[in-house]
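Have a look at the structure below before the remarks.
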Amino acid sequence: MKYHEGLYIDGDWRPSAGTGTIDVVNPADEQVIGTVPAGTEQDVDAAVRAARAALPGWAATAPAERAARLTALRDQLAARSEEIARTITAELGCTLAFSRRVQAAVPVAVTGSYAELAAGHSFEERIGNSTVYHEPVGVVGAITPWNYPLHQITNKVAPALAAGCTVVLKPAEDTPLTARLFAECVAAAGVPAGVFNLVTGLGTVAGQALAEHLDVDLVSFTGSTAVGRKIGAIAGGGVKRVALELGGKSANVILPGADLAQAVRINLADVIRNSGQSCNTLSRMLVHADQYEEAVELAAQEAARYLPGDPEDEKSGLGPVVNARQRDRVLGYIRSGLDEGARLVAGGPDAPEGLPTGYYVRPTVFADVTPDMTIAQEEIFGPVVTLLRYESEEEALEIANGTDYGLAGAVWAADEGTAVAFARRLHTGQVDINGGRFNILAPFGGHKQSGVGRELGVHGLAEYLQTKSLQF
Ligand code: NAD
């Protein structure tokens with residue numbers, strides 16, 4: 001049996017109990033590039049049983065051995081990174097350069113970081129007359145989205161394995177081929193049978209069955225707030241642990257005196273690099289009234305530098321969005337911006353010239369956006385930047401905090417102290433100060449409707465551990 005005909009359960013590729021399949025489409029040329037099984041409730045049950053059976057052995061494995069398997073997994077991911085990058089570009093549509101530099105490379109670093117954490121972490125502590133053990137939570141159901149197909153998987157699977165948990169993964173419908181490569185790497189890394197299992201399938205079938213399964217102890221979900229809410233309710237009903245990484249509407253606040261050109265340039269690069277499909281993307285740019293028109297002009301100039309095109313072509317500034325539904329959703333938001341009176345200064349709802357095939361969206365910049373507009377409140381998940389004007393720092397703060405979300409953000413100021421003081425008042429899980437870089441060891445996760453729980457680093461590991469205290 002060819003690997004893609006099967007599901008990876010209990011250390012083996014096996015056929016689905018059902019006959020349904022999911023076609024994987026390349027968003028750049030709209031061609032089917034692969035087919036995977038649409039796993040059923042029975043398949044999920046088989047995978048959870050395998051994970052449950054493997055749990056006692058894996059939980060009892062010395063942390064140093066778990067670290068060794070994670071090191072081997074990191075090496076596998078590194079050895080196959082070109083294949084992974086090409087697969088991600090083929091099923092997601094982001095440029096190959098971005099796939100190589102971020103989509104394939106960051107998961108290698110994250111997996112390596114958990115190898116180190118597993119080896120060095122103290123899984124017990126002494127508190128007064130108690131010894132407190134940090135034990136694995138148990139069987140993890142991981143449900144992941146398509147926008148960072150491998151990163152979202154390693155963000156969950158690596159800490160879960162480091163903690164001694166076993167896992168059933170249900171990846172997004174659009175990007176299962178990357179998940180399949182990951183399963184091959186897990187197998188090649190010598191991770192024991194049943195410790196990691198992969199069931200491809202529909203969210204409403206396999207995803208839901210996994211979230212509802214009574215033998216799953218923790219559900220870790222990344223995706224839309226709408227589905228996250230459902231998963232949270234299901235987990236609450238089953239009294240199981242839940243981690244939710246949901247949407248965002250992050251603000252890039254440019255305070256007077258900041259390096260405006262750099263702040264605008266980095267903002268545009270941030271939004272456009274994955275065609276706007278990042279949960280932490282800086283989709284709102286807040287600029288003081290005195291510098292507003294200058295920022296609008298700079299943003300329009302920057303947007304023009306990114307030409308949509310074949311993501312495998314080095315000259316392309318951005319690839320298509322993931323599928324036709326996502327393109328239509330983004331175009332719907334662009335139209336709503338026009339209808340609600342925002343000023344279009346770059347891009348727009350028309351298809352880019354010379355690209356009749358593929359789900360392309362032009363890099364789009366809106367000025368004169370007010371906080372009440374739909375495009376200022378809802379997650380667009382496309383290459384669209386909105387510029388909002390403020391008169392005072394207090395107003396900037398009110399606008400920045402004035403959405404249901406609170407995942408990320410950025411502050412630019414003339415000096416770090418001013419930026420930090422402002423950042424401390426933002427209701428959000430992360431803030432980049434004057435262009436601060438992403439840190440794979442810093443806790444990542446949301447305030448408010450952006451989610452529950454944290455990923456990455458030692459905080460991400462803690463999600464997969466529960467305590468037991470012995471008193472002496
Ligand atoms: P989604 O939430 O529908 O899908 C995410 C994952 O959940 C997929 O694996 C999907 O199969 C699964 N799923 C769907 N319905 C389910 C259910 N009822 N029970 C269990 N699992 C289920 O997200 P999407 O449709 O891929 O994207 C829609 C929007 O979500 C995007 O436009 C974007 O706004 C947002 N999104 C956010 C992130 C993020 O990182 N925060 C990632 C992807 C998408």
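Values below: all heavy atoms of this structure, side chains included; hydrogens, waters and symmetry mates excluded. Both counts, for ligands and for their atoms, begin at 1 and track the order of listing.
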Where does the angle between the aromatic ring planes of F438 and H151 fall among parallel (under 30°), tilted (30 to 60°) and perpendicular (over 60°)?
-> perpendicular
Within a distance under 4.0 Å of any heavy atom of G207, pick out the atoms of ligand 1 and give their elements.
-> 19 (N), 20 (C), 21 (N)
Would you check whether F221 reaches within less than 4.0 Å of ligand 1, judged by its heavy atoms?
-> yes
Check whether any side-chain N or O of K448 sits under 3.5 Å from a backbone N or O of T403 as a donor-acceptor pair, and report yes or no.
-> yes
Distance filter under 4.0 Å to C279 heavy atoms, resulting ligand 1 atoms | 39 (C), 40 (O), 41 (N)
Is E83 salt-bridged to R86, cutoff N-O under 4.0 Å?
-> no
Hey, does the side chain of E30 reach the backbone of G358 with a donor-acceptor pair shorter than 3.5 angstrom?
-> yes
Shortest protein heavy-atom distance from atom 3 (O) of ligand 1, along with the residue and atom involved = V227 CG2, 3.6 Å
Any chance the side chains of Y333 and E378 put a donor and an acceptor closer than 3.5 Å?
-> yes
Side-chain ion pair, D45 and R52, N-O less than 4.0 Å | no
Taking atom 12 (C) of ligand 1 as the reference point, the nearest protein heavy atom with its distance | I143 CG2, 3.6 Å
Could you find the nearest protein heavy atom to atom 17 (C) of ligand 1 and give me its residue, atom name and distance?
-> G203 O, 3.4 Å
Is the closest heavy-atom distance from R325 to ligand 1 below 4.0 Å?
-> yes
Those atoms of ligand 1 less than 4.0 Å from some heavy atom in Q326 | 32 (O)
Under 4.0 Å from a heavy atom of E379: give me the atoms of ligand 1 that qualify, with their elements.
-> 33 (C), 34 (O), 35 (C)
Would you kindly say whether E463 and S220 are connected by a side-chain donor-acceptor distance under 3.5 Å?
-> no
Between R389 and D368, is the closest basic N to carboxylate O distance under 4.0 Å?
-> yes
For atom 18 (N) of ligand 1, the protein heavy atom that lies nearest, with its residue and separation = Q208 OE1, 3.3 Å
Check T386, L268, V296 against V365 for a side-chain contact (heavy atoms from CB on, under 4.5 Å) and give me the one that passes.
-> L268
Considering only non-hydrogen protein atoms, determine which one is nearest to atom 44 (C) of ligand 1 and report residue, atom name and distance to 0.1 Å.
-> F381 CE2, 3.6 Å
Any L456 side-chain heavy atom under 4.5 Å of N155 side chain = yes
Is the shortest N/O to N/O distance between T222 and ligand 1 below 3.5 Å?
-> no
With no hydrogens and no angle check, do the side chains of S99 and T89 hold a donor and an acceptor under 3.5 Å apart?
-> yes
Region of Q277 that comes within reach of ligand 1 [heavy atoms, distance under 4.0 Å] = neither
Element-labelled atoms of ligand 1 that are located less than 4.0 Å from some non-hydrogen atom of R329 = 31 (C), 32 (O), 34 (O)
Indicate yes or no: does an N/O atom of L246 lie under 3.5 Å from an N/O atom of ligand 1?
-> yes
Relative to ligand 1, is S224 under 4.0 angstrom through side chain, backbone, both or neither, heavy atoms considered?
-> both
What protein heavy atom is closest to atom 26 (O) of ligand 1, reported as residue, atom name and distance in Å?
-> W146 NE1, 2.5 Å
Please report which non-hydrogen protein atom sits nearest to atom 43 (C) of ligand 1, along with the residue it belongs to and the distance in Å to one decimal place.
-> P145 CB, 3.3 Å
Report yes if T144 has an N/O atom closer than 3.5 Å to an N/O atom of ligand 1; otherwise report no.
-> yes
Would you mind checking which non-hydrogen protein atom is closest to atom 10 (C) of ligand 1, with the distance to 0.1 Å?
-> E173 OE1, 3.5 Å
Please could you name the atoms of ligand 1 that P171 approaches to less than 4.0 Å, counting only its heavy atoms?
-> 9 (O)
Exercise: do D339 and S336 side chains pair donor with acceptor under 3.5 Å | no
Does one side chain, of S278 or N147, offer a donor that lies under 3.5 Å from an acceptor on the other?
-> no
Could you establish whether G247 and ligand 1 come within less than 4.0 Å of each other, counting only heavy atoms on the residue side?
-> yes
